[in-house]
Amino acid sequence: MRVDFDYTRSLGPVLSVFMTGLRDGRILAARTSAGLVVPPPEFDPVTLQPPTQFEPVADTGVVETWTWVPDPVADQPFERPFAFALIRLDGVESTLLHAVDVPAADDMRTGMRVRARWREHRVGAITDIACFVPEESPASTPDTSPSVPTAGAGEPVTGIVTPVRLRYTYAASPEESAFFRGLADGRILGQRCPACGKVYVPPRGACPVDGLPTTDEVELSDEGTVTTFCIVNVPFLGQRITPPYVSAYVLLDGADIAFLHLLLDVDPAEVRMGMRVRAVWRPREEWTTSLENISHFAPTGAPDADYDTYKGHL
Amino acid sequence: MRRVAVVGFAQRQALDFPGSPTCVELLVPIFAECFAQTGWTKDDIGFWCSGSSDYLAGRSFSFVSAVDAIGALPPVVESHVEMDAAWAMYEAWVKIQTGEVDTALVYGFGKSSAATLRRILALQLDPYTMTPLWPDTVSLAALQARAGLEAGRWSQADLAAVVATNLTRAVTNPHAVRAASMTPEEVASLPAYADPLRALECAPVTDGAAALVLAAEDRALESCAQPAYITGFAHAIDAHHLGTRDLLRAPSVQIAAKAAGVTPETVEVAEVHAPFAHQELLVRSELGFTDSTTINPSGGALGGNPMFAGGLIRMGEAASRIWSGQADTVVGHATSGPLLQHNLVCLMTSEPTGGRS
């Protein structure tokens, strides 16, 4: 399962100064009650006042502590092994976390002098410093051009965008597993609570009324009743169907809980509570263990269900 | 203050729980275990409070699905913290203090294996200057471990001894997911993983859940022969930026312990939430414990550390030493945030008055 979003934040007056400095190839420290601090804190932890004085500091410093990263995770500064270090920039009272690019752990030691390797194209982010390197490394790498401001030079940097890309291995519960395997055979399987007898679809790990595991499997009809619905008129990112279209809660015959699906093949203006609908399955050769095996629901044309048959599910 | 006691506790831990990230399948049996211990049913529980994380589950409002495990009809009074469930226990304790309820069931759950745990936890860091570098949890802990090694605060042998003690004790803990009768020398002979940390010095990535029952004093004895009375409970937090903290100190541990009224020399057993070996030494030092206090008889977090339940497990393990009569004064500690940033200390005694003069 993928969860992706751009973490987009405005910067306050303090971090705006810091990020603008980074874009321009300068590290700006805040003058606080503890001396010069990088990155500048938004509020001084002692005086509780926002810092107002900023001073450029050297992009060189000393490694205070470090660790070797033998197996980097996605989006870290390097895909190959590297070091993370807390670096005390010259003249600064605090330390800055960043990567140090050396070939092997044996090339790292506490107390070693390092300097920033700047990116050529800078946007106003902590990653404008690509990494730190041993101070004696050759200076003429392609990345090193701190005097050349880039994107939006002259304008203050007022926001950051951090892409967040998360990957999960989603495991289904035993009940969900049975449900998805059933779908691959064109069957809709629910589970019945042993105490109250209610049938849940998709099945849940426990009956939300009784808190008991639902163990009794029930095969359900692919016909049901619309209990409620909404007409989607608003376009949004990732939308697969052109609006307007209908999302409906369908109470399958034999189930005690409605579930959400698409209702198509009908003029949205015609859709109503109580409408009888049937699943429209995709061609059998396209079936997988997915609810998408059901393309959508469509009206059966049968007379509407009596209100009493679904009033308990609104 | 109302006197409140821990009267029930159950847990499950696994290296790779095969079920859903809501952990409903884990919660149902541990709630049943808590009911069996107390003789209560869900109708006896006045307040439900959970700790979990949507980032761990990979879905929003994941804790709402977990409410299924309660059986919430008629509706229950429920709350949630996006933190370790030890803080849910704190909230429940406060709720009982208000007099609105007399009992509470606190639970936490986390399927740490659903994503890459050490990467996911970078999302709890400063979003401007740290998260964009994706500093993983193990790397951050290793920075702290090396700082301590080079400052002479602890040695590699000290860290190996912490691992050997915890993993050997974990052998007798049926819930531990990592256990081994090892000598410090055997641990010390293992190679570094994230230099200077060895893999065994890092808590295993653990899936699991835990639940704990609290009762006001007047309800405690009906549910538990020897309740563990909470006589002090406090938490405190250090600054967020690692670069401005002294990583060899955790002042918030000391502040919380003082506020909870901990007198170190009277504490017989402490369960310390230290996901990395050196952090046990650091917390122990902040709490002022000497060799007269047994630390982590359960094997601690190095034997198993389900995210968002690991701190609550420390509370339950500590309380269980009072139920069993092994100790009269115990401390449970929980931590949250990067490198021991946020700390919770709970002092529990066998007598409601605490026996402190």
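Below, chain A is the first sequence line, B the second, and so on; all start at residue 1.
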side-chain hydrogen bond (donor to acceptor under 3.5 Å, both in side chains), that's the test. Do Ser252(B) and His342(B) meet it? Break it down for me. CA-CA 7 Å; Ser252(B) 58; His342(B) 193 178; over 6 Å; no
Is chain A contacted by the side chain of [X], its backbone, both, or neither, given a heavy-atom distance below 4.5 Å?
| X | value |
| --- | --- |
| Leu123(B) | side chain |
| Ile120(B) | side chain |
| Ala239(B) | neither |
| Ala122(B) | neither |
| Pro29(B) | neither |
| Arg245(B) | neither |
| Leu143(B) | both |

Indicate yes or no: does [X] engage [Y] in a salt bridge with an N to O separation below 4.0 Å.
| X | Y | answer |
| --- | --- | --- |
| Arg80(A) | Asp101(A) | yes |
| Asp4(A) | Arg2(A) | yes |
| Asp75(A) | Arg119(B) | yes |
| Asp195(B) | Arg146(B) | yes |
| Asp90(A) | Arg113(A) | yes |
| Asp128(A) | Arg122(A) | no |

Pick one of side chain, backbone, both or neither for [X], based on which atoms fall under 4.5 Å of a heavy atom in chain B.
| X | value |
| --- | --- |
| Val38(A) | neither |
| Ala105(A) | side chain |
| Arg9(A) | side chain |
| Thr162(A) | side chain |
| Pro39(A) | side chain |
| Val209(A) | both |
| Leu166(A) | both |
| Pro41(A) | neither |
| Tyr168(A) | both |
| Asp210(A) | backbone |
| Ala85(A) | backbone |
| Met19(A) | side chain |
| Glu176(A) | side chain |

Looking at every heavy atom in both [X] and [Y], which two are closest together, and how far apart are they?
| X | Y | value |
| --- | --- | --- |
| Val46(A) | Ser33(A) | CB-OG, 3.4 Å |
| Leu36(A) | Val92(A) | O-CG1, 3.3 Å |
| Gly124(A) | Ile160(A) | O-CG2, 3.8 Å |

Under the side-chain hydrogen bond (donor to acceptor under 3.5 Å, both in side chains) rule, what do Glu150(B) and Thr110(A) come out as? Steps first, then yes or no, please. CA-CA 9 Å; Glu150(B) 294 182 348; Thr110(A) 299; 2.4 Å; yes
Short side-chain to backbone donor-acceptor contact, [X] and [Y], under 3.5 Å:
| X | Y | value |
| --- | --- | --- |
| Glu25(B) | Gly205(A) | no |
| Tyr107(B) | Ala309(B) | no |
| Thr38(B) | Cys34(B) | yes |

Counting heavy-atom pairs closer than 4.5 Å to chain B, which one of [options] comes out on top?
| options | value |
| --- | --- |
| Ala171(A), Ser94(A), Pro174(A) | Ala171(A) |
| Trp66(A), Phe84(A), Trp68(A) | Trp66(A) |
| Val164(A), Ile87(A), Leu96(A), Val3(A) | Val164(A) |

Suppose we call two aromatic rings close when their centres sit under 6.0 Å apart. Are Trp48(B) and Phe31(B) close by that rule? yes
Measure the shortest side-chain to side-chain distance between Ser10(A) and Thr158(A) over non-hydrogen atoms and say whether it is less than 4.5 angstrom. no
Find the one option among [options] whose heavy-atom pairs under 4.5 Å with chain A are most numerous.
| options | result |
| --- | --- |
| Ala141(B), Ala115(B), Ala32(B), Pro18(B) | Ala115(B) |
| Leu140(B), Val28(B), Thr129(B) | Thr129(B) |
| Arg59(B), His240(B), Met130(B) | Arg59(B) |
| Leu73(B), Asp68(B), Thr244(B) | Asp68(B) |

